[in-house]
Amino acid sequence: MRIHVNESPPNFDGSMVALDIEMFGQKEGRLHLPEGTLASLQLCADAGDVWVFTEMDTIREAMESIQRACWIGHNIQYDLFHLRRFFPDLVTEHPIEDTMLLEKWLYNGYYDGFALKDLVRRYFGVHLDKEIRDEFETATEMTKEQIRYAADDAYWTFRTFFEQVRAGAEEDRDLTGYHEIDIPSVWSVLDIQPIKVNKESWITMVDGFDARAKELEAALGFNVKSVPQVKAAVLKATGIVLENTQKDTLEAMSGEIFEQILEVRKYRDAVSKYGYNWIEEHVDADGFVRSNWIVTGAETGRMASRDPNLENIPSKVLPEYREQFIQSKGCFTIVDISAQEPRILAHETQDKELLNVFKNKEDIHLIVARAAYKDDTIQKDDPRRKSAKSISLGTTYGLTSVGLSKKLNCSEDQAQEFLDNYFQKFPDIRLWIDSQRRKAQRDGYVTTASGRRCWISPYKFGRENNAINAPCQGGAADFTKLWVILFRAECKFAGIPSALANIIHDELVLDHPVEMQEIYHNLLESSLQAAAAKLYPDVPFVAEYSCGETWADKK
DNA sequence: CAAGGCCGCGCC
DNA sequence: CGGCGCGGCCTTG
């Protein structure tokens, strides 16, 4: 391999070019923030030469030289994010490939390492040394070794991509979903705007939680976060020997001590997980939060969010938190898909009754409640409707009577009866569950609506449940990704920004000027229906829309 | 003493 | 009963 440093780039028109950057001055956990300076750009379009550029003007020249090429990266989202900071005019939507996303498309659930190092080991049996990477944190100029290291990454990214394509073809794998869902999603997540929080109000709120936790904790006299201490205290106070100290377990008990423990824990967790530290770490000087979005975060194909995770901000337990997320452009539009997973279950199972529930625009949880309890008089406000939610949800998780009985705090026999009644009403669900389990056993994988393959490890505990859950959860992820892709395209066509500020699995949050509310509503709805028509043509999809000043302003 | 396993829990 | 990310406790070497 020849390394060309700061030479004039060749003609890359029409090529497949592996692209990789190195950055100076970045810190762990903050790689996704607009921090650090560009150290170098490496390009590789054949296995013989790598072109390394270390000066801003030669990097610009190199970026210009690849405008009519397809870019290949390993986690190219990272490279594009930083290159766009310095050369916004040269990093607009462009043909790309990604060896990490492709590897996940091919083998998610089969392997568990998806770093370039892992791929190079798998495909070529070569060990890549990554220790030199740490030097970039404090360096300001590249040494010979660093240039060599940087060149290696582009070289191996290039070779890996073609090896993956070869392997995929050999196994007769369909890459349509990778190209139509995961790859365009890179542009979707690059497009997610920072979201504003009310820092002062957040701190005041946490002050209150902290004071409450301290007061209650002092009265209890032991550490509620310590399993041994909680078990000992409960034993002493009630004589009960606890198997675990989980929320569900304690909630099922009656007695003052259980309520007190849960109360302290709630506020303790609030302060430690979403408290002063969260503000300090994640709220930038401008009052905005910038999360790291991961296109394929879960084995099912779901996205993930970290540093901070914006998908698990309390909403039910302490609704005050979502009030601290505030509009910065006028108002939020919050849209979520109603009963997303049950709709996908209807598509997967093709159960006539279940399909009819949605075709007739009926309330799924109410219908399930009436079936499970064999009582047609149940109405919307009946508590049994809420229990039925656990049955609907549980189906997609592979629930058993044991799990359901714990959730509903009833006997196993009773839970079994509810399930029997449920499957009697929706017989094809049970058939589908059996067929998924057999398929996972026979083929080693199940698939989602986009053709995404979820490998089910035969050695993993609970694999039968994964076989059922993966198509539902993964199919829901496919849907949301496609929805956002189509929505972005419609916004682009309309000449307006996509305004996307957060994605929470089946919910989108948009931050936009008040007068744009109607147009965004219309574009969200038309892209939603287009995504549904493509992936789930036989099930009607319905979304609920809200507008307001904060994320808590949801119907 | 740091590292890592485990538990517990927030969201969907 | 499925999927994540993350903080704290507690054991390990």
Side-chain angles (χ1 to χ4, degrees), chain A residues 29 108-109 222-231 242-251 261-262 264-278 281-282 291-294 296-319 321-322 336-342 344-345 389-408 412 415 419 433 436 440 446 448 454 456 460-477 479-480 502-509 551:
Chain A
N108 227 350
F222 60 92
N223 182 356
V224 293
K225 296 291 289 183
S226 162
V227 176
Q229 285 187 42
V230 169
K231 282 183 179 172
L242 288 174
E243 233 175 73
N244 60 57
T245 70
Q246 289 165 19
K247 195 176 176 178
D248 282 350
T249 308
L250 302 192
E251 269 175 353
I261 292 167
L262 289 170
V264 179
R265 267 199 203 158
K266 181 166 91 172
Y267 292 113
R268 262 250 153 280
D269 283 350
V271 176
S272 64
K273 294 182 86 165
Y274 315 99
Y276 307 111
N277 200 39
W278 196 97
E281 287 274 319
H282 301 304
S291 176
N292 185 6
W293 293 94
I294 298 141
T296 305
E299 286 183 7
T300 54
R302 256 197 187 175
M303 295 206 293
S305 156
R306 65 161 79 118
D307 301 313
N309 183 352
L310 288 180
E311 296 171 330
N312 72 344
I313 302 296
S315 70
K316 289 190 200 72
V317 170
L318 288 165
Y321 272 103
R322 295 198 174 194
D336 75 288
I337 298 166
S338 92
Q340 190 188 29
E341 290 196 17
I344 291 168
L345 186 68
K389 256 186 172 174
S390 297
I391 299 175
S392 289
L393 204 65
T395 308
T396 62
Y397 300 161
L399 99 169
T400 60
S401 58
V402 181
L404 186 63
S405 69
K406 280 181 188 155
K407 190 82 195 166
L408 300 185
E412 272 178 54
L419 285 177
I433 286 174
Q436 287 298 299
V446 291
T448 70
C454 304
I456 309 293
K460 201 169 148 185
F461 175 76
R463 49 176 272 282
E464 294 92 344
N465 296 331
N466 285 49
I468 297 150
N469 184 50
C472 296
Q473 189 188 107
F479 183 95
T480 302
N502 203 356
I503 305 175
I504 314 93
H505 306 300
D506 65 344
E507 171 186 350
L508 308 182
V509 179
W551 189 10

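The chains referred to below are lettered A, B, ... by the order of the sequence lines, with proteins before strands, and numbering in each begins at 1. Only a predicted model underlies this, so the values are computations on that prediction, with no experimental measurement involved.
Judged by atom type and distance alone, A/R306 does not reach the base of C/dG5 through any side-chain donor-acceptor pair under 3.5 Å.
Within the nucleic acid shown, A/R265 comes within 4.0 Å of sugar-phosphate atoms alone, with no base atom in reach, counting heavy atoms only. A/K266 comes within 4.0 angstrom of no nucleic acid atom, judged by non-hydrogen atoms across all strands. Among the atoms of the strands shown, none is found under 4.0 Å from any heavy atom of A/E341. Among the protein residues, A/S305 comes within range of the sugar-phosphate backbone only, with heavy atoms under 4.0 Å from sugar or phosphate atoms but none that close to a base. Residue contacts for A/T245: at a heavy-atom cut-off of 4.0 Å it reaches the sugar-phosphate backbone alone, with no base atom in range. Backbone-only engagement by A/Q246 is indicated by non-hydrogen atom pairs under 4.0 Å involving sugar-phosphate atoms exclusively. Within 4.0 Å of A/I468, counting heavy atoms only, lies no atom of the nucleic acid at all.
Residues A/S405 and A/A415 share a closest heavy-atom pair of N-CB, 3.7 Å. Taking each heavy atom of A/G301 and A/T296 in turn, the nearest pair found is CA-CG2, 4.1 Å. Scanning both residues, A/L318 and A/A270, for their nearest heavy atoms gives CD1-CB, 3.6 Å. Across A/R322 and A/E507, no two heavy atoms sit closer than the pair NH1-OE1, 4.1 Å.
The closest side-chain heavy-atom distance from A/E243 to A/T249 is not below 4.5 Å. A 4.5 Å side-chain heavy-atom check between A/V402 and A/K406 finds at least one atom pair inside the cut-off. Residues A/F479 and A/D506 form no side-chain contact, since every pair of their non-hydrogen atoms from C-beta on lies 4.5 Å or further apart.
Nucleotides of DNA chain B lying under 4.0 Å from heavy atoms of chain A occupy a range whose first and last members, 5' to 3', are B/dC7 to B/dC12.
Distances shorter than 4.0 Å separate some side-chain N or O of A/T400 from OP1 or OP2 on C/dC1.
Helical stems involving DNA chain C, defined as 3 or more consecutive Watson-Crick or G-U pairs under 3.5 Å, span B:1-12 with C:2-13.
By the salt bridge (Lys or Arg N to Asp or Glu O under 4.0 Å) test, A/R306 is found to be paired with no residue, residues two or more places apart in sequence or in another chain being considered. Listed by chain and residue number, A/D269 satisfy the side-chain hydrogen bond (donor to acceptor under 3.5 Å, both in side chains) test with A/K225 (two or more places apart in sequence, or in another chain). Qualifying ring pair (Phe, Tyr, Trp, His ring centres under 6.0 Å) partners for A/Y321, counting only residues two or more places apart in sequence or in other chains: A/W202, A/F209, A/Y274.
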Any N/O pairs under 3.5 Å between the protein and nucleotides 10-13 of chain C? List them or say none.
{"from": "C/dC10", "atom 1": "OP1", "to": "A/S226", "atom 2": "OG", "distance (Å)": "2.3"}

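Here C/dC1 presents its P atom at 13 Å from CG of A/N466, a figure rounded to the nearest Å. At whole-Å resolution of the value, CD in A/Q436 and C1' in C/dG2 are 14 Å apart. One interatomic measurement links the two molecules: CD1 of A/I344 to P of C/dG2, which rounds to 19 Å at whole-angstrom precision. One atom, CG of A/N108, and another, C1' of C/dG3, lie 12 Å apart when rounded to the nearest Å. One atom, OH of A/Y276, and another, C1' of C/dC6, lie 19 Å apart when rounded to the nearest Å. Look at CG on A/D307: it is 10 Å from C1' on C/dC6, rounded to the nearest Å. Spacing between atom CD1 of A/I313 and atom C1' of C/dG5 amounts to 11 Å, rounded to whole angstrom units. Separating the OH atom of A/Y397 from the C1' atom of C/dC1 is a distance of 9 Å, rounded to the nearest angstrom.
Evaluated for a side-chain hydrogen bond (donor to acceptor under 3.5 Å, both in side chains) with A/Q473, the options A/T448, A/T396, A/T300, A/N466 yield exactly one hit, A/T300.
Within a 6.0 Å sphere centred on CZ of A/R268, other residues, nucleotides and ligands contribute 12 heavy atoms or fewer.
With C/dG2, C/dC1, C/dC6 as the candidates, the nucleotide lying closest to the side chain of A/R302 is C/dG2. Distances were taken from every side-chain heavy atom of A/A304 (C-beta onward) to each of C/dC6, C/dG5, C/dG2; the shortest belongs to C/dG5.
In this structure, A/I433 CD1 and A/Q436 CD are separated by 9.5 Å, a value rounded to the nearest 0.5 Å.
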